[in-house]
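This is a predicted model, so every value here is computed, not measured.
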Amino acid sequence: MFDALLDEDATTLAALIRSGDVSAQEVTQAAIDRMEQRDPQIQAFCTATPQLALQQAAAVDAKRARGESLGTLAGVPLAVKDLICTAGVKTTSGSYAYADFVPDEDDITVERLLAADAVLLGKTTAPEFGYSGVGHNPLFPSPRNPWDLSKTPGGSSAGSGAALAARLCPIALGSDGGGSVRIPAAHCGVFGLKASMGRVPLWPGCRDERYPGVSSWESLEHIGPMTRSVRDSALMMSVMAGPDMRDRHSIPCNDVDWLAALNKPLGGMRIAFSADFGYIAVDPEVRDIVTHAARRFARELGAELDEVDPGIADEGATFAALVAFESDLSGMRNMQAELGSRMSPHLSAMLQHDWRAETFTDANTTRKKLCNQMWRFMQHYDLLLSPTLAVPPFPLNMQGPEIINGRMVRSDHWLSFCFPFNFTGQPAASVPAGFTASGLPIGMQIVGRHLDDGLVLAASAAFERIQPWNHITPVSIGVAHD
């Protein structure tokens with residue numbers, strides 16, 4: 001009985017716990033039992049916290065027994081990416097340098113979610129410091145994609161995406177510096193939202209100079225919700241969003257009613273759609289699935305759809321330079337000298353590169369150019385749709401395919417739809433758009449104008465109503481594919 005409840009969304013679970021129809025402890029124990037059954041094959045969690053979760057659930061039940069109101073996430077099981085700090089719970093960032101690191105404070109998002117009575121199931125595996133679009137790292141086994149255990153779930157919020165797809169939890173936290181919420185959302189057939197820059201405050205991640213590697217990506221990184229329904233992400237945003245003095249980039253959020261946005265009228269929109277941004281090599285199945293989804297979305301909403309490229313160029317080198325510029329190169333190079341071969345090869349290569357000042361200043365100038373291109377383009381459109389990724393999920397333990405649709409590409413080329421919107425800080429989401437012939441999920445990206453987070457949520461919810469996805473489950477978790 002309680003195991004079946006885990007297939008419900010967080011909104012439903014919180015309502016059941018709040019009403020007393022089920023206790024937080026019963027739901028939490030069911031989640032722990034399911035983790036013990038399923039996670040050995042998925043490997044989503046690197047640090048499970050069953051005893052802590054039961055203690056937190058008991059506190060929720062005691063609160064209700066006293067007649068006190070429960071928080072927004074009353075007793076809902078939560079998974080947190082291992083790059084995001086949790087007080088008293090090991091946070092390794094996938095690196096031997098932090099293998100035994102136990103933070104003394106929660107990240108702001110964790111602090112807020114726990115204050116809203118969420119229950120922490122554990123930490124989910126990520127690549128070393130998040131410097132990758134997949135999930136393998138030196139410390140832990142690679143998370144596996146529940147739709148095909150031989151495939152990557154994407155990254156860097158790899159374990160969070162895999163945990164959701166395997167239905168180990170209804171909500172998870174990811175972080176997104178170049179697509180790392182949207183990438184695993186697309187590969188795992190779930191929903192992921194990167195809100196506008198500053199909507200969700202960050203601390204200590206990206207901000208605390210004491211922690212080399214952890215303190216990187218300051219102007220690129222976002223923390224975002226990953227869920228099996230759009231409504232649950234709106235619920236999480238209603239708790240997480242809002243300014244905090246510890247994050248100088250954080251902004252007020254009183255212009256967005258996160259839950260009301262789900263039912264915002266969408267008539268008369270003008271939507272841009274690009275299947276390749278004019279330069280990206282895209283797998284033919286991905287192109288066909290997302291093109292069909294975008295056309296159906298516009299048709300059923302009565303929106304005008306223009307198939308047009310936004311004018312974005314290939315800025316992979318710019319992204320790499322901005323990441324390096326915002327990394328603590330001195331601190332991480334000292335770390336590399338101590339770790340040697342125990343550091344991820346691609347991260348070592350970045351640190352060994354002879355970066356020039358002009359490379360960084362050129363990248364910053366190019367970023368300004370792209371931001372200006374996008375605000376000019378979005379003057380004509382309410383939304384921009386595209387594939388989230390250029391390829392379906394691919395085999396574990398590779399950085400990315402080097403041939404896409406017969407074309408030789410860099411191993412990070414498959415990420416090209418995502419990182420431009422970390423440059424611009426625009427809101428962007430990934431919604432499940434369909435499945436390949438072999439049953440692998442494909443995501444569609446929905447991008448909004450600067451600060452128009454409400455419309456991105458509204459559009460995502462509308463697409464979910466048009467083409468629902470939560471009833472389809474992976475064969476690997478013992479449930480037949482619908």
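Between Ser416 and Tyr279, some side-chain heavy-atom pair lies under the 4.5 Å cut-off. When side chains are defined from C-beta on, Val60 does not count as touching Gln56, because their heavy atoms never get closer than 4.5 Å. Between Arg112 and Asp106 there is no side-chain heavy-atom pair separated by less than 4.5 Å. In this structure the side chain of Leu202 never reaches within 4.5 angstrom of the side chain of Ile108, judged on heavy atoms. The shortest distance between side-chain heavy atoms of Pro170 and Leu13 falls below 4.5 Å. Contact check for Cys169 versus Leu164: side-chain heavy atoms found under the 4.5 Å cut-off. Counting heavy atoms from C-beta on, the side chains of Phe377 and Ile312 never come closer than 4.5 Å. When side chains are defined from C-beta on, Lys369 counts as touching Gln373, because their heavy atoms get closer than 4.5 Å.
Between Arg333 and Glu338 no salt bridge is recorded (no basic side-chain N to carboxylate O distance below 4.0 Å). With salt bridges taken as basic N to acidic carboxylate O contacts below 4.0 Å, one links Glu218 and Arg248. Between Arg210 and Glu105, at least one side-chain N (NZ, or NE/NH1/NH2) sits under 4.0 Å from a carboxylate O, which counts as a salt bridge. The pair Lys123-Asp82 meets the salt-bridge criterion, with a side-chain N (NZ, NE, NH1 or NH2) lying under 4.0 Å from an Asp/Glu carboxylate O.
Ring planes of Tyr98 and Phe101: perpendicular class, angle over 60° (limits at 30 and 60°). Ring pair Trp469/Phe191 is parallel by interplanar angle, where below 30° counts as parallel and above 60° as perpendicular.
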Derivation and outcome, side chain to side chain contact (heavy atoms under 4.5 Å, CB included), residues Asp9 and Arg228: CA-CA 7 Å; Asp9 66 10; Arg228 297 198 307 265; 5.6 Å; no

Does the pair Ser160 and Thr124 meet the rule for a side-chain hydrogen bond (donor to acceptor under 3.5 Å, both in side chains), with working shown? CA-CA 6 Å; Ser160 289; Thr124 56; 2.8 Å; yes

Candidate pair Trp414 and His187, rule ring-ring contact (aromatic ring centres under 6.0 Å, His included), full reasoning: CA-CA 12 Å; Trp414 63 287; His187 268 0; 5.6 Å; yes

Go through the steps for Leu173 and Met236 under the test side chain to side chain contact (heavy atoms under 4.5 Å, CB included), then give the verdict. CA-CA 9 Å; Leu173 269 184; Met236 291 179 72; 4.1 Å; yes

Show the numbers, then the answer: is there a side-chain hydrogen bond (donor to acceptor under 3.5 Å, both in side chains) between Ser274 and Ser386? CA-CA 5 Å; Ser274 178; Ser386 75; over 6 Å; no

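Under 3.5 Å, the side chains of Tyr211 and Ser93 contain no donor-acceptor pair of N or O atoms. Side chains of His136 and Gln399: a donor-acceptor N/O pair is present below 3.5 angstrom, by distance only. Side-chain N/O atoms of Ser216 and Tyr131 include a donor and acceptor closer than 3.5 Å. Side-chain contact annotation: Asn137 with Glu128, donor-acceptor N/O pair under 3.5 Å absent. At a cut-off of 3.5 Å, with distance as the only test, a side-chain donor of Ser219 or Arg367 sits close to an acceptor on the other residue. No hydrogens or angles considered: nothing links the side chains of Ser132 and Ser156 as a donor-acceptor pair under 3.5 Å. Defined by atom type and a distance below 3.5 Å, a donor-acceptor pair is present between the side-chain atoms of Asn422 and Arg182. Inspection of the Asp33 and Gln37 side chains reveals no N or O donor paired with an N or O acceptor under 3.5 Å. A donor-acceptor pair shorter than 3.5 Å can be found between the side chains of Ser196 and Asp453. Between the side chains of Lys81 and Ser157, at least one donor N or O sits under 3.5 Å from an acceptor N or O. Of the N and O atoms on the side chains of Glu402 and Ser411, not one donor lies less than 3.5 Å from an acceptor on the other residue.
For the pair Val447 and Met378, the tightest heavy-atom approach, listed with the atom from each and the gap, is O-CE, 4.0 Å.
Atom CE of Met240 sits about 10.0 Å away from atom CG of Leu235, to the nearest 0.5 Å.
Each of Thr11, Thr12, Asn470 was compared with Asp232 under the side chain to side chain donor-acceptor pair (under 3.5 Å) criterion, and only Thr11 meets it.
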